[in-house]
Amino acid sequence: MSGRDEVLAGVRGALGERRRADVAVPRGYLTRLTGPDAASRADVVALFTERVAALGVAVRHVGGDELATAVAAVLWGWEAKRIVVPADLPYGWLADLDGVRALADSTVLDVPALAAVDGVVTGCAAAVAQTGTVVLDGGRAQGRRALTLVPDRHLCVVHADQIVGSVPEAVRRLDPDVPQAWISGPPVATPGDGPPHGPRTLEMLVVED
Amino acid sequence: MTSAAGGPDPHAGFGIGALLGLVNGQQGSAARRRRAEGKPVVPRFAEAAREALADAGARHELAESAAAARERTAAAVSELPDWEALRAAGAAIRDRALLDLDVHLETFEQAVADAGGTVHWARDASAARRIVASLVRDAGDGEVAVADGPVLRETGLAGSLAARGLAVLDASGPEGRDRVRAARVAVTGADFLVADSGTVLLLEADGAARACLTLPETLVCVAGLDRVVPEWEDMEVLLQLLPRAGRGDRLSPQVSAWSGAVPGDGPGEVHVVLVDNGRARILADEVGREALRCIGCGACSAVCPVYERVGERPFDPRGTGRSGPIGAVWTPLARGVDRAPEASLPFASTLCGACADVCPVKIDIPGLLVHLRGEVVDARRHRPVPTPELAVMRGVAWTMADARRFETATGSGARWARLLSRGGRIRRLPGLLGRWTEARDLTAPPAEPFRAWWRRRAPSRRSTK
């Protein structure tokens with residue numbers, strides 16, 4: 001008997017012949033944010049900003065036409081010389097860079113190469129106001145997972161219309177077939193353990209459209 | 001009355017000494033024999049708890065950290081107006097998964113295969129170790145990065161890989177960050193498995209698992225087979241329950257979700273090892289199977305008055321199981337109650353019910369503890385030599401079954417008891433019964449038993465009418 005057959009036979013034996021009917025899941029919980037936090041779009045965006053900031057993330061609101069300047073300012077603050085960006089990052093986001101070389105991600109960039117850059121700039125797939133989370137799923141302007149894991153600084157650009165109120169709203173927007181990273185603040189080291197993995201500096205720009 | 005107020009008993013306080021006395025009653029001779037033969041012994045709860053209680057410093061630290069954890073969790077939970085609705089949904093989601101577990105596991109296996117991954121099945125911990133070791137050896141250069149987690153500890157994976165000559169890098173260790181980046185193969189645990197999409201989810205604070213499941217060429221994910229849920233939508237509930245009940249986070253700092261292999265992004269080869277290791281045995285217990293709902297948040301430990309005093313070791317001396325209240329039900333359910341260490345666990349509780357109140361998937365832990373106490377008693381009922389407790393109970397039953405026997409016993413019992421008492425209290429009972437008085441005093445019985453008094457008084461009452 002293979003391990004598979006043995007394990008499945010054990011589970012079937014445990015459940016027996018007569019099974020209870022399928023359990024109905026009472027989905028009476030909130031699937032959207034309610035109350036004053038969600039009175040308007042502006043309130044949801046404001047809640048996101050507040051929650052992200054509470055996690056130790058520097059966050060700024062910018063207009064669409066100010067984005068390139070704001071990105072350049074953050075990188076200037078990092079004293080970054082070389083950054084990496086997803087190959088499909090909108091060109092306009094980097095239009096104002098001065099003295100910073102942006103490498104478009106490609107297969108030739110291995111882990112040591114990613115570790116050697118001063119930071120990474122990406123977009124995101126969705127953001128959750130209630131928890132201060134950004135979700136990256138490898139879609140447009142996000143790149144592969146290693147890109148936002150290995151460099152020590154991450155600037156994430158969030159468009160206001162990507163911000164949803166609650167976790168259920170985000171889950172329903174996302175595709176479970178593609179890999180996702182849900183990031184709620186920088187990684188936190190366990191006391192007594194080594195340094196955490198992932199960018200220790202996380203900054204965000206919320207673009208109001 | 002306990003002797004807590006004035007007595008020197010270090011175990012007293014809320015009656016934990018009494019608890020230990022009761023657990024002591026489950027003493028078997030096997031442990032003594034093994035000790036005499038110099039074999040390693042897994043202590044019963046009471047033995048390990050005594051050691052833990054003797055360390056006052058550790059007890060203070062535990063109390064402080066438990067209080068801090070409770071506060072964080074309470075704040076995170078009270079923030080959600082629909083917490084009770086989420087708990088109800090979470091319990092039902094887990095039940096739905098468990099009651100058709102075989103179906104969901106096969107669905108999961110197919111989905112993983114469709115996404116380019118491979119599912120392996122491990123009957124027990126040793127099968128899991130064998131499977132993982134062979135996958136690691138095939139994929140790597142003798143080095144493996146490990147992001148530690150409950151199921152890896154349960155199966156003793158890291159130690160076993162090291163014993164097989166592999167260099168094991170602890171991804172959370174001091175050098176983990178740099179060395180994981182060079183590893184060709186990594187091993188992680190898993191929090192949830194989504195059947196319909198083959199998605200694996202991992203929630204964590206430090207990103208060690210995220211690094212392990214992203215950077216190496218080969219990923220071996222080891223998961224308890226109980227952690228499957230039917231659909232992706234179920235995660236909208238569990239992603240709220242686990243972080244808030246666990247560390248008191250609105251969401252865990254790092255949540256990773258992946259399904260199979262993605263060309264150009266992450267490991268090209270992915271394996272999921274589904275571990276049974278006693279879970280089917282728990283599932284077979286129609287009452288006890290509720291324990292399998294557990295999502296591993298640890299909230300029950302943070303609120304447990306016993307855990308707050310003794311810590312995790314007495315619940316899990318081998319460091320391979322679950323600790324705290326859920327461990328006190330999970331371990332005896334998974335391993336049976338034939339041996340003293342497992343049989344002692346259901347008694348390691350005051351049944352105060354705090355754990356059931358906070359459990360995000362509404363596991364009735366006190367109910368399960370009572371259920372298991374019944375199993376322990378039943379398992380010992382037919383032994384040729386009864387336990388002292390059972391012998392006493394049988395004696396009491398025999399005595400109380402007959403009015404004359406009972407009166408004789410209370411009469412002579414009261415005389416003996418008064419001989420033992422000082423100042424109206426009995427501080428120590430003789431022999432094996434002494435364990436019961438380790439943490440409490442007995443009030444001395446009155447000189448005249450109630451029945452004698454009633455007989456004497458009854459005629460005079462009648463005469464006054």
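Note on naming: letters A, B, ... go to the chains in the order of the sequence lines (proteins, then strands), and numbering restarts at 1 for each one.
- Residue B:V180 touches chain A through its side chain alone, counting heavy-atom pairs closer than 4.5 Å.
- When the shell of 6.0 Å around CZ of A:R41 is examined, it contains more than 12 heavy atoms from other residues, nucleotides or ligands.
- Between the CD atom of B:E109 and the NE2 atom of B:H104 there is a distance of 15.0 Å, given to the nearest 0.5 Å.
- To the nearest 0.5 Å, atom OG1 of residue A:T131 and atom CG of residue B:D249 are 10.5 Å apart.
- Looking at B:Q240 and B:W83, their side chains never bring a donor and an acceptor atom within 3.5 Å of each other.
- With a threshold of 4.5 angstrom between heavy atoms, B:A97 does not approach chain A through any atom at all.
- Per-residue heavy-atom pair counts under 4.5 Å with chain A were compared for B:L86, B:D276, B:V200, and the maximum is reached by B:L86.
- Taking B:P253, B:A122, B:A92 one by one and counting their heavy-atom pairs under 4.5 Å with chain A, the maximum is reached by B:P253.
- For the atom pair B:L193 CG and B:L274 CG, the distance stands at 6.5 Å (nearest 0.5 Å).
- When every heavy atom of A:L55 is checked against every heavy atom of A:G132, the shortest pair comes out as CD1-O, 3.6 Å.
- Contacts of residues 145-161 of chain A with chain B at a heavy-atom distance below 4.5 Å involve A:R145, A:A146, A:T148, A:L149, A:V150, A:D152, listed in sequence order.
- Annotation: maximal heavy-atom pairing with chain A below 4.5 Å, among B:G207, B:S172, B:G260, B:G264, occurs at B:S172.
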- Query: Can you check salt bridge (charged side-chain N to carboxylate O under 4.0 Å, His left out) on B:E290 and B:R94, steps first, answer last?
  - Reply: CA-CA 9 Å; B:E290 193 175 311; B:R94 298 294 296 130; over 6 Å; no
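- One finds a salt bridge joining B:D234 and A:R27 here, because a Lys/Arg side-chain nitrogen approaches an Asp/Glu carboxylate oxygen to under 4.0 Å.
- In terms of heavy-atom pairs under 4.5 Å with chain A, the best-connected choice from B:T199, B:D124, B:D95, B:L99 is B:L99.
- Within 6.0 Å of atom CD in B:E84, more than 12 heavy atoms from other residues, nucleotides or ligands are found, so the atom counts as buried in its surroundings.
- Between A:D118 and A:W78, the shortest heavy-atom distance links the atoms O-CE3, 4.2 Å.
- Heavy-atom pairs under 4.5 Å with chain A peak, among B:A257, B:P243, B:A284, at B:A257.
- With rounding to the nearest 0.5 Å, the separation of CG in B:L169 from CZ in B:R181 is 13.5 Å.
- Residues of residues 179-196 of chain A placed with any heavy atom under 4.5 Å of a heavy atom in chain B are listed by number as A:P179, A:Q180, A:A181, A:W182, A:I183, A:S184, A:G185, A:P186, A:P187, A:V188, A:A189, A:T190, A:D193, A:G194, A:P195, A:P196.
- If you measure heavy-atom distances from A:A24 to chain B, the contacts under 4.5 Å come from the backbone alone.
- The candidate with the highest count of non-hydrogen atom pairs below 4.5 Å against chain B, out of A:R51, A:E169, A:R172, is A:R51.
- Ion pair A:R19/B:D102 flagged as a salt bridge, since at least one NZ, NE, NH1 or NH2 atom sits closer than 4.0 Å to an Asp/Glu carboxylate oxygen.
- Only the side chain of A:V111 comes within less than 4.5 Å of a heavy atom in chain B; its backbone stays farther off.
- No other option in B:L105, B:V194, B:V237 has as many heavy-atom pairs under 4.5 Å with chain A as B:V237.
- When each of A:V128, A:V11, A:L15 is checked for heavy-atom pairs under 4.5 Å with chain B, A:L15 comes out on top.
- B:R244 contributes a side-chain N or O that, together with a main-chain N or O of B:A76, makes up a donor-acceptor pair within less than 3.5 Å.
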- Query: When you look at B:R96 and B:E231, which way does the salt bridge (charged side-chain N to carboxylate O under 4.0 Å, His left out) test go after all the steps?
  - Reply: CA-CA 11 Å; B:R96 188 175 164 221; B:E231 312 170 293; 3.4 Å; yes
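- The shortest heavy-atom contact between B:S197 and A:P176 is OG-CB, 3.5 Å.
- Per-residue heavy-atom pair counts under 4.5 Å with chain B were compared for A:S166, A:G10, A:P26, and the maximum is reached by A:P26.
- Under 4.0 Å is where a charged nitrogen must lie from a carboxylate oxygen, and between A:E6 and A:R12 no such pair does.
- Heavy atoms of A:T107 lying under 4.5 Å from chain B are absent altogether.
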